[in-house]
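Each ligand, and each atom within it, is numbered from 1 in the order the structure gives. All residue numbers refer to positions in the sequence shown, counting from 1.
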Amino acid sequence: MNPNENFMPRFRTREELEAHQLKGLQWTVAHAYNGSPDYRNKFDLAGVTPDDIRSLDDLRRLPFTTADDLRAGYPFPLRCVPFEKIVRIHSSSGTTGKRKNLCYTQKDVDDWAHFFARCYRMAGVTEKDRVQIAVGYGVWTAGVGFQAACEKVGAMALPAGPGNVDLQCQFMLDLQSTVLCCTASMGLLLAEEINRRGLTDLVNVRKVIYGSERSSQSMRQKISSLLGGAELFDITGLTELYGPGTGIECPDHDCIHYWADYYLLEILNPETLEPVEAGEWGEMVVTTLAKEAVPLIRYRTHDITRILPGECSCGSIMPRHSRIMGRTDDMFIFRAVNIYPSHIDTIISSIPGLGSEYQIHLTRDAAERGNMRIVTEISEQENMADCQPLAAVLSKKIKRELMVTPEVELVPYGSLPRSERKSQRVFDTRIQDSII
Ligand code: ZN
């Protein structure tokens, strides 16, 4: 393995990148049109043919693809190649009903490992590293994604899998893992456990590559400090778009570089589906440029982010987006105010003395009046008696920023459940019957 191989494309200018993107878009549209009756129908309905794609701006003439299209085409939705070309299936749970199954050709699998290896390189992982992969294996994209790319960069993979805290601690201690790959919640759980067992000085985790859920600033700080100053890298991805590894935080930690040579990113207003102003928040919509088995055309991810204009100080020409702020579908409306859990998260993080774990409970009282109760932990160093005034501080701050007043309940550090997967933050029991 050439230690200088960074798996980056050889483009030097934006123009070269755009020429590559246009070629990829034209190939993808023709491939989808010719390969999938479902795509062809969608294009026919939209009145567009592959010949109409002459510039990157013509992307906007193409119809959207959604999770419903994946559900409708179950079990092999939007398949554009014969079965003989498919070498692997991955699957993720849908929010309702059927699983989302995705097919991969050998080239898809190779491309994915290639740009995922780029993520490891951007995080500074080399063949000297020992990478503890504490994410799900099986039909999920996580385990095999982290694993294949780890081997590609020549690092030592420790496929610990999810859960099993004893094994994780033992690996970190005995095998001296230098990189930990996990969800943010799992990272916090393991960092706390290492600290509780008095192992902080005996383990050697320098980097934590975490993904698949949002994380607060205070959560990041906590994980880092409990692991003796480990550097954190937020990695992005979704099963529909290969899996994890479609972008990563750079060593300058100024948000996420995404792999614009493999997919186009649009940021749209989720209501109007029109582009937002440069730098504004909106829904991430992706179009693949090289994906064979199941290309995505204007796929609505429901992830909320924004493009960061301008060059990054790290020197990479790959464009950047912000960390995922939330989902269009986990936003909740309370007293007519649109609220993202990540916003509450940010407010809690800004108050010294409060911890990183919290829950938002939305209920309705006998008078049908909605209530929002925020249960938040105090930080580890604090005691409950001293912290009581913080409840009012948090409530006031939320009132100021979000125009709603929640009840706040403080609980001791460690009393909310830690999850090995995604922690549930919002408990909404306001609507008990079916929604029409
Ligand atoms: Zn950068």
Side-chain angles (χ1 to χ4, degrees), residues 2-18 20-21 111-126 129 131 145-146 149-150 152-153 155 178-182 184 187 206-217 219-221 223-224 229-238 241-267 276 278-282 284 286 289 301 303-325 342 346:
N2 173 1
N4 296 319
E5 171 59 77
N6 62 10
F7 304 94
M8 283 289 176
R10 302 290 166 237
F11 313 129
R12 270 188 232 102
T13 63
R14 191 52 67 104
E15 288 70 32
E16 285 176 297
L17 173 60
E18 285 177 359
H20 169 89
Q21 288 176 326
D111 283 353
W112 179 24
H114 179 86
F115 65 69
F116 200 138
R118 185 186 290 179
C119 293
Y120 277 122
R121 278 291 194 254
M122 194 163 247
V125 175
T126 72
D129 279 298
V131 182
F146 276 97
C150 176
K152 203 165 179 72
V153 298
T178 57
V179 179
L180 179 62
C181 303
C182 53
R206 309 267 172 78
K207 291 171 177 149
V208 178
I209 299 175
Y210 73 95
S212 93
E213 63 175 354
R214 294 189 316 280
S215 58
S216 65
Q217 207 52 38
M219 195 172 183
R220 283 169 61 95
Q221 279 161 7
I223 294 169
S224 173
E231 194 176 3
L232 268 64
F233 293 88
D234 191 345
I235 194 166
T236 55
L238 63 159
L241 184 60
Y242 298 92
T246 53
I248 194 169
E249 194 172 330
C250 74
D252 286 5
H253 300 288
D254 193 4
C255 294
I256 312 283
H257 288 274
Y258 71 91
W259 310 141
D261 51 336
Y262 284 94
Y263 64 100
L264 300 174
L265 188 70
E266 295 174 89
I267 307 292
V276 298
E280 294 287 309
W281 295 93
M284 180 194 277
V286 295
L289 299 172
T301 68
D303 280 330
I304 302 285
T305 186
R306 60 177 171 175
I307 297 284
L308 295 177
E311 307 284 306
C312 181
S313 52
C314 77
S316 171
I317 79 154
M318 286 292 151
R320 288 172 300 157
H321 64 72
S322 280
R323 291 204 178 82
I324 306 303
M325 186 208 205
S342 53
T346 305

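Residues passing the salt bridge (Lys or Arg N to Asp or Glu O under 4.0 Å) test with Asp252, sequence neighbours excluded: none. Looking at residues two or more places apart in sequence or on another chain, you find a salt bridge (Lys or Arg N to Asp or Glu O under 4.0 Å) between Arg10 and Glu5. In this structure, Asp129 has no salt bridge (Lys or Arg N to Asp or Glu O under 4.0 Å) partners at least two apart in sequence or on a different chain.
For the residue pair Arg306/Ser322, the side-chain donor-acceptor check at 3.5 Å is satisfied. Side chain to side chain, Glu249 and His257 fail the donor-acceptor criterion of an N or O pair below 3.5 Å.
Shown are the protein N/O/S atoms under 2.8 Å from the Zn ion (ligand 1), given by residue and atom: Cys250 SG, His257 NE2, Cys312 SG, Cys314 SG.
Summarising the geometry of Leu308 relative to Asp254, their closest heavy-atom pair is CD1-O, 4.2 Å, with the distance given to 0.1 Å.
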